[in-house]
Amino acid sequence: MTWEKNVRRVVPYVAGEQPNKTGMVKLNTNECPYPPAPGVKAILQELDREALRLYPDTDAVGLVEALADHYGLEPEQIFVGVGSDDVLAMSYLTFFHSGRPILFPDVTYSFYDVWAKLFGIPYKTCALDENWHIRPKDYVGSNGGVIFPNPNAPTGLAESLDTVEQIVGANRDVVVIVDEAYVDFGAESALPLLKKYDNLLVVQTFSKSRAMAGVRIGFAMGSKKLIRFLKDVKFSFNSYTMNYPAQKLGVEAVKDDAYFRSITQKVMDTRTRAKEEFRRLGFSFPDSMANFLFVTHERIPAAELFTALRKENIYVRHWDKPRIDNYLRITIGTDEEMDKLFTFLKKYLESN
Ligand code: PMP
């Protein structure tokens with residue numbers, strides 16, 4: 001077909017599967033195992049017809065103000081989008097425009113190279129060290145920008161604020177994006193650095209620690225100048241991305257800090273217990289600060305365990321990729337869900 005040669009061809013990102021089976025234990029996409037804040041459900045029931053008939057506020061002012069208030073920033077320092085994937089994609093389009101390669105770790109969120117290819121942005125990956133840590137010296141020198149998650153995914157390892165600052169400080173002529181999708185489970189946020197660095201963009205999400213993956217809310221925080229550039233690109237693309245119900249529900253979630261703290265603490269407590277259990281069963285893993293563990297077994301290959309778990313209706317994530325193909329990424333579920341996982345693993349490991 002002649003028209004086919006004029007098509008933009010891409011290899012898309014593959015998200016974790018979303019099965020819907022009764023009795024399944026779903027530990028494959030890092031969702032929160034607890035419901036959103038009670039106020040979120042109350043607002044959902046109150047939403048009237050007007051929430052659907054009218055266009056939503058393009059600037060999502062209510063949500064932006066709630067976030068500004070919560071994080072001690074000016075509203076002009078906040079940009080919201082449809083999940084952090086949307087915010088990150090807009091950030092690539094806005095900030096990675098130099099023609100020089102952008103840098104990110106070799107083992108990291110597998111959307112990073114997909115966006116680079118989609119937007120025609122050259123990129124280079126920097127190998128994590130043998131303990132899965134970022135080597136800040138790899139990020140020194142000419143580049144078109146830097147992006148990394150902290151904590152990293154799928155390893156769960158967090159870098160110190162000092163490491164993050166070294167990277168931001170060494171790259172003052174480009175934008176450095178710190179993807180903090182998993183920061184609320186015990187890692188240190190780069191937010192305090194915003195006072196010092198106008199080239200830093202910190203991106204977070206409601207999908208994990210606020211239990212709202214289905215509502216799709218992500219946000220970026222940075223200098224007013226960065227946010228203005230980001231908005232200019234977003235408003236050149238689609239004005240009405242975030243729907244009105246999402247904006248209203250997001251405000252309720254931000255308001256209930258006590259609930260937010262209670263569910264993130266529960267996940268962290270279960271993570272501590274899960275680490276002990278995994279160790280006892282012969283697994284090793286980086287010391288995760290995220291709501292998942294990245295585990296490898298001393299004897300049984302990860303691909304085999306993945307298949308055995310799946311047959312049991314227990315969903316985890318496995319990538320057939322260099323360096324990580326003998327690991328499973330397992331989301332921290334409720335204590336009951338983790339018990340089901342450990343009961344099965346114990347039985348399986350005893351008989352295999
Ligand atoms: N960044 C990282 C590192 C992630 O793992 C995810 C979840 N897939 C995201 C961003 C995007 O999450 P969301 O679009 O739900 O905010």
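Counting starts at 1 for both ligands and their atoms, following the listed order. Computed from a predicted model, the values in this text were never measured in an experiment.
Only the side chain of Lys208 comes within 4.0 Å of ligand 1, judged by heavy-atom distances. For Ser84, heavy-atom contacts with ligand 1 shorter than 4.0 Å involve the backbone as well as the side chain. Both the backbone and the side chain of Asp85 come within contact range of ligand 1, each with a heavy atom under 4.0 Å.
Contact atoms of ligand 1 toward Ser207: 13 (P), 15 (O), 16 (O) (distance under 4.0 Å to a heavy atom of the residue). Proximity to Arg216 (heavy-atom distance under 4.0 Å) selects the following atoms of ligand 1: 13 (P), 14 (O), 15 (O). Near Gly83, the atoms of ligand 1 lying under 4.0 angstrom from a non-hydrogen atom of the residue are 14 (O), 16 (O).
In terms of protein heavy atoms, atom 1 (N) of ligand 1 is closest to Asp179 OD2, 2.6 Å.
Polar contact check, Tyr182 against ligand 1: a nitrogen or oxygen pair lies under 3.5 Å apart.
Distances from atom 10 (C) of ligand 1 to the heavy atoms of Tyr109, Phe206, Tyr13 put Tyr109 nearest.
The pair Asp86-Arg216 does not count as a salt bridge, with every side-chain nitrogen at least 4.0 angstrom from each carboxylate oxygen. In this structure, Arg135 pairs ionically with Asp138, as a charged nitrogen and a carboxylate oxygen lie closer than 4.0 Å. Salt bridge Lys248/Glu46: absent, no basic N to carboxylate O contact under 4.0 Å. Comment: Arg261 engages Asp257 in a salt bridge, judged by a side-chain N to carboxylate O separation of less than 4.0 angstrom.
Aromatic ring orientation, Tyr13 versus Phe111: parallel (interplanar angle below 30°, classes split at 30° and 60°).
Among Phe294, Phe285, Phe278, the one residue that satisfies the ring-ring contact (aromatic ring centres under 6.0 Å, His included) test with Tyr327 is Phe294.
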Evaluate the ring pair (Phe, Tyr, Trp, His ring centres under 6.0 Å) criterion for residues Phe104 and Tyr112: first the C-alpha distance (whole Å), next the side-chain angles of each, then the deciding distance (0.1 Å), finally the verdict.
CA-CA 8 Å; Phe104 48 84; Tyr112 292 167; 5.7 Å; yes
